[in-house]
Amino acid sequence: MALQWLILAYVVAAEAVVALLLTLPSPKLVKSRIVSLISLILQPAIGIVPFAAFQLLDIYWKNEHRLMCTSDVCTAAERDRYEKSIYKSQRNVILCTSACLLYWSVYRICKYHKDVQNLEEVEKRYKEQ
C-alpha cells in the first residue's frame with residue numbers, strides 16, 4: 001500500500017516542478033521547446049487522474065468501514081492508532097487532489113501557450129498581407 005502513495009507523491013512532485021518550469025519567464029524559443037516537450041508527455045501522463053480517483057474511492061470506502069474508537073472502551077494505544085489513520089487518510093486525500101489539480105493546471109498552461117502561439121502566427125500573417 002505504501003508504494004502507491006510513494007508513486008503518487010513522486011508524481012505530484014514532478015508535476016509541481018513542471019508547473020514551475022512552465023511558469024518561469026524564459027525566452028520564446030526555450031519556452032516553446034519546453035511546452036512542446038511537456039505536451040508530448042501529457043497524454044501518457046493522464047493515467048495519473050484515474051489512479052488518483054481510484055485511490056480517493058479507496059480512502060472513502062475505508063473511511064466508511066473503519067471501526068470507530070471514540071468510546072471509553074478503547075485504550076490509549078487504540079485511540080492513537082485510530083487518530084494516526086485519520087491523519088494519514090487526510091494527507092492522502094490532499095495528495096490525490098493535488099495530483100489531479102496539478103495535472104489540470106499543467107495541461108491548461110500548455111494549451112494557453114499553444115493558443116497564444118497560434119494567435120501570434122495569425123497576427124503575423126495579417127501584418128504580412
Side-chain angles (χ1 to χ4, degrees):
M1 220 30 197
L3 182 61
Q4 296 169 346
W5 299 114
L6 183 68
I7 291 170
L8 199 58
Y10 283 143
V11 167
V12 167
E15 286 176 342
V17 168
V18 166
L20 183 67
L21 268 173
L22 288 173
T23 56
L24 285 176
S26 59
K28 274 188 175 184
L29 183 62
V30 174
K31 180 71 87 174
S32 65
R33 298 275 168 106
I34 290 173
V35 168
S36 64
L37 177 67
I38 300 301
S39 295
L40 290 174
I41 296 171
L42 275 176
Q43 189 171 7
I46 189 71
I48 196 62
V49 174
F51 179 73
F54 177 75
Q55 295 301 324
L56 281 172
L57 286 174
D58 185 46
I59 291 169
Y60 174 75
W61 186 85
K62 286 179 180 176
N63 189 36
E64 288 296 317
H65 296 86
R66 180 177 287 139
L67 294 175
M68 294 291 181
C69 189
T70 55
S71 65
D72 294 335
V73 178
C74 296
T75 64
E78 289 173 337
R79 196 170 294 119
D80 288 342
R81 197 172 114 220
Y82 173 76
E83 289 176 2
K84 186 178 177 183
S85 71
I86 293 293
Y87 292 137
K88 277 186 175 182
S89 295
Q90 291 171 350
R91 178 200 61 199
N92 293 340
V93 166
I94 291 171
L95 196 60
C96 289
T97 55
S98 62
C100 293
L101 287 175
L102 278 170
Y103 180 85
W104 177 78
S105 63
V106 167
Y107 172 78
R108 292 306 299 173
I109 290 169
C110 286
K111 184 164 176 25
Y112 174 72
H113 187 345
K114 286 182 177 180
D115 290 345
V116 167
Q117 279 182 335
N118 290 339
L119 289 174
E120 286 175 352
E121 289 174 7
V122 168
E123 181 185 19
K124 190 176 182 180
R125 278 185 278 162
Y126 279 139
K127 284 184 179 180
E128 288 175 358
Q129 290 178 359

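All values below were derived from every heavy atom in this structure, side-chain atoms included, with hydrogens, water molecules and symmetry-related copies excluded.
Ion pairing between K28 and E120 holds under the 4.0 Å rule for side-chain N and carboxylate O. Between R125 and E121, no side-chain nitrogen of the basic residue sits less than 4.0 Å from a carboxylate oxygen of the acidic one, so the salt-bridge criterion is not met.
A distance of 11.0 Å separates CG of D58 from CG of N63, quoted to the nearest 0.5 Å. Here the CD atom belonging to E15 is positioned 10.5 Å from the CD1 atom belonging to I38, to the nearest 0.5 angstrom. In this structure, the separation between CD1 on I48 and CG on L102 is 11.0 Å, given to the nearest 0.5 Å. Taking CD1 from I7 and CD from Q55, the interatomic distance works out to 9.5 Å, rounded to the nearest 0.5 Å. Between the CG atom of L37 and the CG atom of L22 there is a distance of 9.5 Å, given to the nearest 0.5 Å. For the atom pair N92 CG and C96 SG, the distance stands at 6.5 Å (nearest 0.5 Å).
Listed by chain and residue number, E83 satisfy the side-chain contact (heavy atoms from CB on, under 4.5 Å) test with D80 (two or more places apart in sequence, or in another chain).
A 4.5 Å side-chain heavy-atom check between V35 and Q117 finds every atom pair outside the cut-off. Annotation: side chain of K88 is not in contact with side chain of W5 (no heavy-atom distance under 4.5 Å). You'll find the side chain of V30 reaches within 4.5 Å of the side chain of I34, heavy atoms only.
Linking ILVMFWY side-chain heavy atoms closer than 4.5 Å, directly or via other members, places L95 and L101 in two distinct hydrophobic clusters. Taking hydrophobic clusters as Ile, Leu, Val, Met, Phe, Trp and Tyr residues chained together by side-chain heavy-atom distances below 4.5 Å, F54 does not share a cluster with L8. Residues F51 and I46 share a hydrophobic cluster, clusters being chains of Ile/Leu/Val/Met/Phe/Trp/Tyr side chains in contact below 4.5 Å.
Annotation for E64: atom CD counts as buried by contact number, over 12 foreign heavy atoms lying within 6.0 Å.
Within the structure, the side-chain hydrogen bond (donor to acceptor under 3.5 Å, both in side chains) test picks out the following pairs touching residues 100-116 (sequence neighbours left out): S39-K114.
By the 4.5 Å side-chain criterion applied to Ile, Leu, Val, Met, Phe, Trp and Tyr, Y126 is assigned to a cluster that also includes V122.
Heavy-atom minimum distance, C74 versus R79: O-NH2, 3.3 Å.
Side-chain atoms of K62 never come within 3.5 Å of backbone atoms of S89 as a donor-acceptor pair (strictly under, hydrogens ignored).
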